[in-house]
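What follows is a set of notes on a single structure, which appears directly below.
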Amino acid sequence: MTAHLKASPDTCAWGYFDASLAPVAEVDSGDTIVIETVSGSPENLPPEGFHVPPELLEIHAQSPRQLPGHILTGPVAVRGAKPGHVLEVRIHDVQLRQDWGWNIIRPLAGTLPDDFPTARKTTIPLDAEAGVATLSWGLKLPLRPFFGVMGVAPPPNWGRISTIQPRAHGGNLDLKELVAGTTLYLPIHTEGALFSCGDGHGAQGDGEVCVTAIETALTGTFTLIHRDDMTLTAPRAETPSHLITMGLHEDLNRCAERALRDMIDWICALTGLTREDAYMLSSLAGDLRITQTVNGNKGVHMMMDKAFLAA
């Protein structure tokens with residue numbers, strides 16, 4: 001079964017995750033859902049001549065931002081999903097919904113918060129057919145769209161939290177590997193899991209150093225699967241070729257340690273190798289990469305080629 005969830009003032013939450021938020025859609029485990037998203041506040045709108053999804057303007061007018069953060073579509077409840085289990089999110093397709101994106105530099109934000117004292121907003125034309133963004137000096141940058149934010153509801157005792165900081169529930173992971181064909185695994189913290197997504201990116205480098213990517217509206221096609229045979233304490237992902245673990249913390253050293261420890265655990269579970277051998281393999285063949293340095297909680301992810309895990 002395939003459901004379709006459009007973005008609207010009734011289906012979007014602006015700035016927050018909250019376990020008490022009522023689901024706007026409900027699916028069975030194994031169902032596929034197409035989710036439309038929008039991005040940006042009124043000051044991020046483009047000049048005349050670009051297509052602006054009308055629901056974005058409706059959200060601006062009718063849905064005040066509750067906390068600093070992103071516009072998310074959802075949440076979607078998965079029947080039977082229970083706390084302590086895992087939501088498997090298979091990302092089948094990610095498509096642009098508009099012909100522009102935006103990027104901002106903001107004083108006191110980003111990886112160099114004191115180096116750029118003047119705010120700047122740039123509208124970036126997007127060509128979906130050619131698969132490129134045209135930057136202001138003429139560079140044709142290849143598009144590789146993905147959702148910066150994909151997450152389930154946080155633990156109920158956390159209350160309402162901003163979408164900005166990535167945490168155990170996922171959220172603002174800003175992991176550019178989460179393109180179509182990738183699977184994301186999220187620990188479930190409340191009944192139904194309550195999956196939401198947003199923060200569409202047309203392209204982003206590891207780090208997202210100036211605080212934004214090419215921010216844009218996307219449509220995603222996902223299959224949501226309740227996994228009662230898994231337990232996780234942090235998000236993981238899997239591409240056709242690689243395993244990915246993620247470390248989230250204010251300190252990049254702690255991020256690296258968490259991503260590495262989780263990779264060692266995953267290698268051991270899949271192969272039966274000792275922890276010492278998995279540690280060695282991680283040193284010889286694993287890649288630690290900086291996911292982002294701009295969301296309060298920073299991110300490091302580790303990638304391991306699955307070919308090295310074959311017997």
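Values in this document were obtained by computation on a predicted structure and should not be read as measured data.
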**Fill in**
Closest non-hydrogen contact found for Gly69 with Thr163 is CA-OG1, 3.2 Å
**Asked** When you check the gap from the basic side-chain N to the acidic O, do Asp262 and Arg236 get nearer than 4.0 Å?
**Response** yes
**Request:** Answer yes if the side chains of Gln98 and Thr216 hold a donor-acceptor pair under 3.5 Å, and no otherwise.
**Result:** yes
**Asked** Once you round to the nearest 0.5 Å, how far does CD1 of Ile264 lie from CG of Leu273?
**Response** 11.5 Å
**Message:** Quick check for you: to the nearest 0.5 Å, what is the distance between Met246 atom CE and His301 atom NE2?
**Reply:** 8.5 Å
**Prompt:** Is a side-chain N or O of Thr73 found less than 3.5 angstrom from the main chain of Lys6, in a donor-acceptor match?
**Reply:** no
**Asp228 and His226: side chain donor to acceptor below 3.5 Å** = no
**Asked** Do Ile244 and Leu175 come within less than 4.5 Å of each other through their side chains, counting heavy atoms only?
**Response** yes
**Message:** Between Arg144 and Lys176 (side chain of the first, backbone of the second, donor and acceptor by atom type, cut-off under 3.5 Å), is there such a pair?
**Reply:** yes
**Message:** Taking the basic N atoms (NZ, or NE/NH1/NH2) and the acidic carboxylate oxygens, is any pair closer than 4.0 Å for Lys140 and Asp127?
**Reply:** no
**Item:** Qualifying residue, where the test is side-chain contact (heavy atoms from CB on, under 4.5 Å) with Ile33 and the options are Thr221, Val78, Leu5
**Value:** Leu5
**Message:** Show the nearest heavy-atom pair for residues His201 and Leu218, with the distance to one decimal.
**Reply:** N-CD1, 3.7 Å
**Request:** Answer whether the closest heavy-atom distance between the side chains of Ser41 and Asn44 falls below 4.5 Å.
**Result:** yes
**Item:** Any donor-acceptor N/O pair, Thr37 side chain to Ala217 backbone, under 3.5 Å
**Value:** no
**Prompt:** Is a side-chain donor-acceptor pair under 3.5 Å present for Thr122 with Asn103?
**Reply:** no
**Prompt:** Which one of Asn172, Ile164, Thr111 satisfies the side-chain contact (heavy atoms from CB on, under 4.5 Å) criterion with Val294?
**Reply:** Thr111
**Asked** Are the side chain of Lys298 and the backbone N or O of Glu250 linked by a donor-acceptor pair below 3.5 Å?
**Response** yes
**Prompt:** Once you round to the nearest 0.5 Å, how far does OG of Ser39 lie from CG of Leu56?
**Reply:** 8.0 Å
**Item:** Distance in Å, Arg227 CZ paired with Tyr185 OH, rounded so as to fall on 0.5 Å steps
**Value:** 6.0 Å
**Request:** For Thr223 and His92, test the side chains for any donor-to-acceptor distance below 3.5 angstrom and give the result as yes or no.
**Result:** yes
**Separation between CG of Leu281 and OG1 of Thr271, rounded to the nearest 0.5 Å** = 8.0 Å
**Message:** Which heavy atom of Leu252 sits nearest to which heavy atom of Gly299, and what is that distance?
**Reply:** CD2-O, 4.1 Å
**OG1-CD1 distance between Thr274 and Ile267, expressed to the nearest 0.5 angstrom** = 10.5 Å
**Message:** Would you say the ring centers of Phe17 and His169 fall short of 6.0 Å from each other?
**Reply:** yes
**Item:** Exercise: do Asp18 and Ser20 side chains pair donor with acceptor under 3.5 Å
**Value:** yes
**side-chain contact (heavy atoms from CB on, under 4.5 Å) between Thr219 and Ile35, worked out** = CA-CA 6 Å; Thr219 297; Ile35 302 178; over 6 Å; no
**Request:** Is it possible for you to check whether Arg160 lies under 6.0 Å from the centre of the six-membered ring of Tyr16, through NZ or CZ, and within 45° of that ring's axis?
**Result:** yes
**Message:** Ignoring hydrogens, what is the shortest heavy-atom contact between Ser162 and Pro68? Give both atom names and the distance.
**Reply:** OG-O, 2.6 Å
**Asked** Does the distance from a Lys or Arg side-chain N to an Asp or Glu carboxylate O, for Arg97 and Glu55, drop under 4.0 Å?
**Response** yes
**Request:** Treat each ILVMFWY residue as a node, draw an edge where side-chain heavy atoms are under 4.5 Å apart, and state whether Leu194 and Leu72 are in one component.
**Result:** no
**Asked** Quick one: does Asn297's side chain have a donor or acceptor within less than 3.5 Å of a partner on Pro166's backbone?
**Response** yes
**Request:** Classify the ring geometry between Phe147 and Phe222 as parallel (under 30°), tilted (30 to 60°) or perpendicular (over 60°).
**Result:** tilted
**Asked** Is it true that the side chains of His249 and Glu257 contain a donor and an acceptor less than 3.5 Å apart?
**Response** no
**Message:** Taking Glu238 first and then Lys306, would you say they form a salt bridge - that is, a charged N and a carboxylate O separated by under 4.0 Å?
**Reply:** yes
